[in-house]
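Just the heavy atoms: all of them, side chains too, but no hydrogens, waters or symmetry mates, feed the values below. Values in this document were obtained by computation on a predicted structure and should not be read as measured data.
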Amino acid sequence: MIKDAHSKNDPRLKRVTKDHDKMRVEGKKGSKQNELRGKLYTYMIERLAGAIASSSYFEVIVICDQLITDRLEAYTQYLLFTHDLQHHTDSVGNSLQAFYAAIKDAKIKKDHDIKDILKELEVFVNDRNELLHNFVIVKNKNRNLDLEKRIAHVRRVAENAPNLWRRFDRWISKNMVIPKT
């Protein structure tokens, strides 16, 4: 058991060794994995532009989900770099919780920018879950949301998600300082 884990839901308990199948491969300048990541990001950013242009709201949300999750996991991995156990790849919500645990353990002070971004990420995670898993499901909570209201909600989330991802990516780039070797 990890000594800092406080409850059975603590994301620290999900940490695994660096060679685990679900571990994000660490980034290294000039490496094959970074070359592949560059190609994957280029492809997804092109898909994102196309999805935005064609009002493919669900695709926008799914692509931003992947881009945000990778940034969460990259920064968490960066903070846990010297630890034996790392957080494995997971859903955006679980990756956000692992991010919180890692910044808390590293005693990273949250600046105003990241506090705002994290609030928006939490809203995004909840909206994403509701829209991708429950758009067609009519339940007591959403029985009064007709098709037009549901589409409007998807549109709002899809219109905000790319900017949220870009702001978070800029924060990560600014705060993930890798020493030159």
Side-chain angles (χ1 to χ4, degrees), residues 2 4-5 9-53 56 58-111 113-114 117-118 120-122 124-125 128-129 132-133 157-158 160-181:
I2 297 174
D4 295 330
N9 295 327
D10 195 308
R12 294 170 187 91
L13 295 175
K14 289 184 173 184
R15 291 180 183 168
V16 296
T17 60
K18 293 179 183 182
D19 61 348
H20 189 277
D21 286 348
K22 288 189 171 184
M23 265 308 300
R24 180 184 186 277
V25 177
E26 79 182 59
K28 293 181 182 176
K29 288 190 184 262
S31 66
K32 285 191 180 280
Q33 64 265 25
N34 274 17
E35 183 181 321
L36 176 59
R37 271 197 192 102
K39 289 177 182 176
L40 296 172
Y41 261 81
T42 298
Y43 176 79
M44 290 306 274
I45 290 168
E46 289 170 2
R47 287 293 302 251
L48 179 60
I52 292 167
S56 298
F58 287 100
E59 185 173 3
V60 170
I61 293 167
V62 169
I63 291 170
C64 289
D65 172 83
Q66 289 185 42
L67 296 170
I68 289 167
T69 300
D70 184 67
R71 299 294 74 212
L72 285 165
E73 292 181 356
Y75 194 73
T76 300
Q77 186 176 44
Y78 164 75
L79 293 178
L80 297 176
F81 182 74
T82 60
H83 297 183
D84 291 336
L85 298 177
Q86 302 276 317
H87 182 74
H88 65 78
T89 57
D90 211 331
S91 68
V92 67
N94 289 339
S95 293
L96 182 58
Q97 295 310 310
F99 176 90
Y100 281 133
I103 62 173
K104 181 178 180 183
D105 293 350
K107 297 178 175 54
I108 303 292
K109 187 175 180 192
K110 291 185 261 184
D111 61 27
D113 288 342
I114 196 61
I117 291 168
L118 290 171
E120 290 181 49
L121 280 175
E122 289 178 14
F124 171 78
V125 168
R128 171 244 182 241
N129 288 342
L132 297 184
H133 298 295
V157 174
N160 292 328
N163 291 330
L164 175 59
W165 163 66
R166 287 182 190 100
R167 285 179 47 227
F168 187 51
D169 185 51
R170 281 192 300 271
W171 186 90
I172 294 293
S173 295
K174 185 174 90 175
N175 289 280
M176 193 162 64
V177 181
I178 300 173
K180 295 186 187 225
T181 55

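From Trp171, atom CH2 reaches atom NZ of Lys110 across 10.0 Å, with rounding to the nearest 0.5 Å. In this structure, OG on Ser173 lies 6.5 Å from CZ on Arg71, to the nearest 0.5 angstrom. Rounding to the nearest 0.5 Å gives a distance of 7.0 Å between CD1 of Ile172 and CG of Leu72. For the atom pair CZ (Arg170) and CZ (Arg166), the distance works out to 8.5 Å, reported to the nearest 0.5 Å. Residue Arg47 holds its CZ atom at 13.0 Å from CG of Leu40, rounded to the nearest 0.5 Å. Interatomic distance, Thr69 OG1 to Arg128 CZ, rounded to the nearest 0.5 Å: 7.5 Å.
Across all non-hydrogen atoms, the minimal contact from Ile52 to Pro162 is CD1-CG, 3.8 Å. Of all the heavy atoms in Ala161 and Phe124, the pair that sits closest is CB-CE1, 3.7 Å. Of all heavy-atom pairs spanning Ala74 and Met176, the tightest one is O-SD, 3.7 Å. For the residue pair Lys29 and Asn34, the shortest heavy atom distance occurs at N-ND2, 4.0 Å. The two residues Leu79 and Ala106 have their closest heavy-atom pair at CD2-CB, 4.2 Å. Heavy atoms only, all atoms of each residue included: Ser95 and Thr76 are closest at O-OG1, 4.5 Å.
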Side chain to side chain contact (heavy atoms under 4.5 Å, CB included), that's the test. Do Leu118 and Leu96 meet it? Break it down for me.
CA-CA 9 Å; Leu118 290 171; Leu96 182 58; 3.8 Å; yes
For side chain to side chain contact (heavy atoms under 4.5 Å, CB included), just list the numbers for Lys174 and Asp113, CA-CA rounded to whole Å, side-chain angles, deciding distance to a tenth of an Å, and then say yes or no.
CA-CA 11 Å; Lys174 185 174 90 175; Asp113 288 342; 4.1 Å; yes
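Around atom CZ of Phe58, more than 12 heavy atoms belonging to other residues, nucleotides or ligands sit under 6.0 Å away. Residue Tyr41 qualifies as enclosed at atom OH: its count of foreign heavy atoms under 6.0 Å is above 12.
Not one N or O on the side chain of Asp169 forms a donor-acceptor pair closer than 3.5 Å with the backbone of Trp165.
The salt bridge (Lys or Arg N to Asp or Glu O under 4.0 Å) test applied to Lys32 returns no partner, not counting sequence neighbours.
If you look at Tyr78 and Tyr75, their ring centroids are closer than 6.0 Å.
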